[in-house]
Each structure stands twice: as structure tokens, then as C-alpha cells.
Amino acid sequence: MRNTVRQALVARQLDERLAAHFPVGRRLRVLDVGLGQGTQALRLARAGHEITGLESDPAMLDAVRDALSKEPAGIQDRVRLIEGDGRDTGAHFLPGAFDVVLCHGVLMYVPEPDPMLAALARVLAPGGLLSLVVRNADALALRPGLSGDWDTALAAFDSPVYTNRIGLSARADRRETLTTTLTAIGAPLHTWYGVRVFTDLASDDAPAPDDWDRLLAAEDRAGRTDPYRAVAALLHLCGVRG
């Protein structure tokens with residue numbers, strides 16, 4: 001359920017930003033870096049946009065190819081998949097090649113985010129949208145604290161490094177730091193949201209509850225409202241290329 005909540009909220013927020021920044025009906029050139037299972041990429045392809053997926057994990061690419069093979073031919077034709085690292089976008093794409101660049105759930109596995117963000121901004125067209133989903137370092141102690149894991153909670157106050165639910169070492173980001181970086185690379189922060197304020201402790205395999213619509217409405221409201229969004233497990237930051 002945690003991932004379902006995340007994808008549903010990010011989809012709402014992303015669609016809101018696309019509607020605000022681009023003319024209705026425009027077919028956008030979208031780069032999805034580290035597209036994972038391809039949830040957002042396939043959704044945007046179904047909406048008529050041209051999608052390029054860049055993924056460094058061959059197993060993930062195979063999973064997306066399998067999902068794509070089940071789509072109608074017209075949607076398959078809108079999606080191009082490339083094996084590669086987001087830090088090497090300059091080797092794959094020309095400057096300004098995309099209207100939208102997605103980088104969701106990737107920066108937490110990159111030791112130093114600034115070079116990768118600069119590479120993503122380089123391939124973004126003027127007026128284009130950069131969409132980032134990151135782990136929120138300002139709320140890193142909340143999950144272990146609410147679970148009664150006091151040692152991990154105390155450690156989270158002093159370090160952005162953590163171990164995620166699948167046992168991998170990862171790194172959280174602070175909104176203030178990313179705001180500075182986005183300004184420096186020419187894609188200043190325009191809008192930001194919180195993602196998973198209430199449901200971060202939910203089991204990964206928990207089914208959607210009967211009151212799913214109300215749950216999502218509460219999460220959506222919290223993700224737009226201070227001070228709740230500041231303590232969300234994830235942050236969705238949207239920068240606009242100047």
C-alpha cells in the first residue's frame with residue numbers, strides 16, 4: 001500500500017504541474033530517469049506523451065519491457081527504453097531535448113546528487129519541468145521513532161544515511177539544500193509537496209483499505225498543507241528551467 005499511495009499522490013501532483021505549465025493537449029517529451037517499474041512512464045504514455053526511460057538496472061528494464069508489451073501498439077510506439085545512468089545523460093541526449101524530466105526515488109542512492117541534477121537540468125528545455133521525489137532528511141527520525149526504534153531515531157538526527165526497508169543503504173535530502181542546488185543549475189524550485197505523511201508505517205504488502213478514497217484525500221491535503229508536508233516521508237519537488 002505504501003508504494004500505491006506514493007504513486008497515486010505523485011501522479012496527482014505531477015498532472016497538476018503539467019496542466020499549469022503546458023498548453024492543454026500538447027504532446028510532451030518526457031525523460032524518466034530510474035523509471036523503476038515504469039508506473040509514471042506508462043501512465044504518461046497512455047496520456048499521449050512521448051516517453052524515454054533511462055534505467056541502469058537490467059532487471060528493472062526487463063520488467064518494464066514486459067509491462068509495455070501488454071500495452072496497445074500505439075502506446076508501445078511512444079516509449080523508448082535505454083539502459084544507462086542518470087549521471088550520464090549528456091552521453092545519450094542533446095541539451096534541451098526534453099520538456100519534462102522525472103527523477104523519482106533515485107537521488108537517495110546517489111552519494112553526491114549535485115552532478116546528477118546538473119546533468120538532468122542540461123537536457124531540460126527552457127520552461128521545462130524537473131520533477132524530483134526524494135527521501136526527506138528533515139523527517140528521517142519519524143519512522144523509527146514512531147516504531148520505538150530509539151537508536152535509529154537518534155542516529156537520524158545526525159546523519160542523512162539510513163537503511164531502507166529492503167536493507168539497502170540510502171541517503172535522504174533536505175529541501176533547503178535541494179532548493180539551493182536547483183537555483184544553481186538554472187531550474188529553481190517552483191512548487192513542492194509532501195508524500196506519505198500518514199501512511200509511511202503501513203506494511204508494503206497491505207491491501208488498499210475500504211476507505212481508500214478518504215485515505216488518499218487526507219494524504220493529498222496533508223501533502224499541500226504546512227506544517228504537515230514538511231514532515232512527510234518523501235518530498236516531491238518541482239523545478240522549472242529558466
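Nothing fancy with the numbering, it's 1 onward along the sequence.
From N136, atom CG reaches atom CG of L234 across 8.0 Å, with rounding to the nearest 0.5 Å. Rounding to the nearest 0.5 Å gives a distance of 14.0 Å between CH2 of W192 and CG of L132. The CZ atom of R65 sits 5.5 Å away from atom CG of D62, with the distance rounded to the nearest 0.5 Å. Atom CG in L140 sits 7.0 Å away from atom OH in Y162 (nearest 0.5 Å). In this structure, CG on L237 lies 9.0 Å from CG on D173, to the nearest 0.5 angstrom. Note: I185 CD1 to L130 CG = 6.0 Å, rounded to the nearest 0.5 Å.
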Run V5 and F198 through side chain to side chain contact (heavy atoms under 4.5 Å, CB included) and show every step you take. CA-CA 10 Å; V5 170; F198 303 125; over 6 Å; no
Taking it one step at a time, do L44 and L14 satisfy side chain to side chain contact (heavy atoms under 4.5 Å, CB included)? CA-CA 10 Å; L44 291 172; L14 184 58; 4.1 Å; yes
Stepwise, does the side-chain hydrogen bond (donor to acceptor under 3.5 Å, both in side chains) test hold for E219 with T199? CA-CA 8 Å; E219 282 280 12; T199 54; 2.7 Å; yes
Could you walk me through whether L235 and V195 pass the side chain to side chain contact (heavy atoms under 4.5 Å, CB included) check? CA-CA 6 Å; L235 297 177; V195 178; over 6 Å; no
As a quick check of understanding, evaluate side chain to side chain contact (heavy atoms under 4.5 Å, CB included) for R143 and R165, giving each step before the final call. CA-CA 11 Å; R143 184 198 293 172; R165 287 200 173 195; 3.4 Å; yes
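A donor-acceptor pair shorter than 3.5 Å cannot be found between the side chains of Y109 and R135. Under the 3.5 Å distance criterion, with hydrogens and angles disregarded, no donor-acceptor pair is assigned to the side chains of S56 and D85.
In terms of modelled atom types and a separation under 3.5 Å, the side chain of D88 and the main chain of A91 share no donor-acceptor contact. A distance-only check finds a donor-acceptor pair linking the side chain of E55 to the backbone of L35 [under 3.5 Å]. Remark: the backbone N or O of D57 is not paired with any side-chain donor or acceptor of E83 at under 3.5 angstrom. Here the side chain of T183 pairs a donor or acceptor atom with the backbone of T179 at under 3.5 angstrom. Checked by atom type and distance alone, the side chain of Q40 pairs as donor or acceptor with a backbone atom of Q7 at under 3.5 Å. With hydrogens and angles disregarded, no donor-acceptor distance shorter than 3.5 Å links the side chain of R196 to the backbone of A232. A donor-acceptor pair is defined here as one N or O able to donate and one able to accept, closer than 3.5 Å; no such pair exists between the side chain of S159 and the backbone of A155.
Nearest heavy-atom pair, A141 versus A153, reported as atom, atom and distance to 0.1 Å: CB-O, 3.5 Å. The shortest non-hydrogen separation linking L107 to P113 is CD2-CB, 4.0 Å. Pairing each heavy atom of R87 with each of P111, the nearest pair is NH1-CD, 4.4 Å. The heavy-atom pair separating R29 from A125 by the smallest distance is NH2-CB, 3.8 Å. The heavy-atom pair separating S131 from H104 by the smallest distance is OG-NE2, 2.7 Å. Nearest heavy-atom pair across G38 and V64 is N-CG2, 3.9 Å.
Note on F93 and L129: separate hydrophobic clusters, where clusters join Ile, Leu, Val, Met, Phe, Trp and Tyr whose side-chain heavy atoms are under 4.5 Å apart, directly or indirectly. Tracing side-chain contacts under 4.5 Å through hydrophobic residues (I, L, V, M, F, W, Y), one reaches V10 starting from L216; they form part of the same cluster. Following chains of ILVMFWY side-chain contacts shorter than 4.5 Å, one cannot reach I82 starting from L42, and the two form parts of different hydrophobic clusters. Following chains of ILVMFWY side-chain contacts shorter than 4.5 Å, one can reach L9 starting from L215, so the two form part of one hydrophobic cluster. Using a 4.5 Å cut-off between side-chain heavy atoms of Ile, Leu, Val, Met, Phe, Trp and Tyr, with links allowed through other members, L124 and V106 fall into the same hydrophobic cluster.
The only member of R174, R175, R229 that meets salt bridge (charged side-chain N to carboxylate O under 4.0 Å, His left out) when paired with D138 is R174. Between D99 and the choices R26, R241, R27, the side-chain hydrogen bond (donor to acceptor under 3.5 Å, both in side chains) rule is met once, by R26. Looking at V134, L120, V110, V133 one by one, the single match for side chain to side chain contact (heavy atoms under 4.5 Å, CB included) with C103 turns out to be L120.
Classification of D15 and R17 as a salt-bridged pair fails, no side-chain N sitting under 4.0 Å from a carboxylate O. The pair D32-R80 fails the salt-bridge criterion, with no side-chain N (NZ, NE, NH1 or NH2) lying under 4.0 Å from an Asp/Glu carboxylate O. We find that E16 and R224 are joined by a salt bridge, their nearest charged nitrogen and carboxylate oxygen being less than 4.0 Å apart.
In this structure, F22 places its CZ atom where more than 12 heavy-atom neighbours from other residues, nucleotides or ligands lie under 6.0 Å away. The 12-atom threshold is not exceeded at CZ of R221, counting heavy atoms of other residues, nucleotides or ligands nearer than 6.0 Å. Around CD of E112, the count of heavy atoms belonging to other residues, nucleotides or ligands within 6.0 Å exceeds 12. Summarising the local packing, CG of D66 is surrounded by more than 12 heavy atoms from other residues, nucleotides or ligands at distances under 6.0 Å.
P188 places none of its side-chain heavy atoms less than 4.5 Å from the side chain of L182. The shortest side-chain heavy-atom distance between L31 and V100 does not fall under the 4.5 Å cut-off. Within the 4.5 Å cutoff, side-chain heavy atoms of R46 are placed close to those of E71. The closest side-chain heavy-atom distance from L201 to S147 is below 4.5 Å. Counting only heavy atoms from C-beta outward, the side chains of L168 and T163 never approach each other to under 4.5 Å. Residues E50 and V30 have side chains not in contact (no heavy-atom distance under 4.5 Å, counting atoms from C-beta outward). With contacts defined as side-chain heavy-atom distances shorter than 4.5 Å, the pair L54/T89 qualifies. In this structure, the side chains of L189 and C238 stay at 4.5 Å or more apart for every pair of heavy atoms.
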